[in-house]
Amino acid sequence: QTWPGDAAHGMFGSRAGVTPVIVNALYDMSTPYTNAKLMRAGFPDGALVTWQGIGHIVGYADYDPEGVASCMAVVNRYLATGEM
């Protein structure tokens, strides 16, 4: 027996037109980069920004200030203009 109700929309293809920016560190043990690529695949019109660093929160990494600033500049430009 199953719970009565309608099925939810599928993960892929139902998000066309949504333009998220997905930010992930290449070496993030909490949210592996493989998962970021899968999330990006679920948003055909989205963008994936990759910081080639270690850690979970890109904007707060303290060992590569230039790399973090460069990554966050791309994100901020995307949020302000919609372009990478």
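Between Trp51 and the options Val74, Val68, Val75, a side-chain contact (heavy atoms from CB on, under 4.5 Å) holds for only Val68.
The two atoms that bring Pro65 and Asp62 nearest to each other are CD-O, 4.4 Å, heavy atoms only. The minimum heavy-atom distance linking Gln52 with Leu26 is given by the pair CA-CB, 4.0 Å. Between Ala25 and Val58, the shortest heavy-atom distance links the atoms N-CG2, 4.0 Å.
Sequence neighbours left out, not one pair with a member in residues 17-40 passes ring-ring contact (aromatic ring centres under 6.0 Å, His included). Residue pairs meeting the side chain to side chain donor-acceptor pair (under 3.5 Å) criterion with at least one member in residues 66-84, sequence neighbours excluded, do not occur.
Chaining together hydrophobic side chains whose heavy atoms lie under 4.5 Å apart places Tyr60 alongside Ile57.
Distance check, rounded to the nearest 0.5 Å: OG1 of Thr34 to CG of Asp28 gives 11.5 Å. A distance of 13.5 Å separates CG in Asn24 from CZ in Arg40, rounded to the nearest 0.5 Å.
Of the possible polar contacts, one joining the Tyr63 side chain to the Ile54 backbone as a donor-acceptor pair under 3.5 Å is found.
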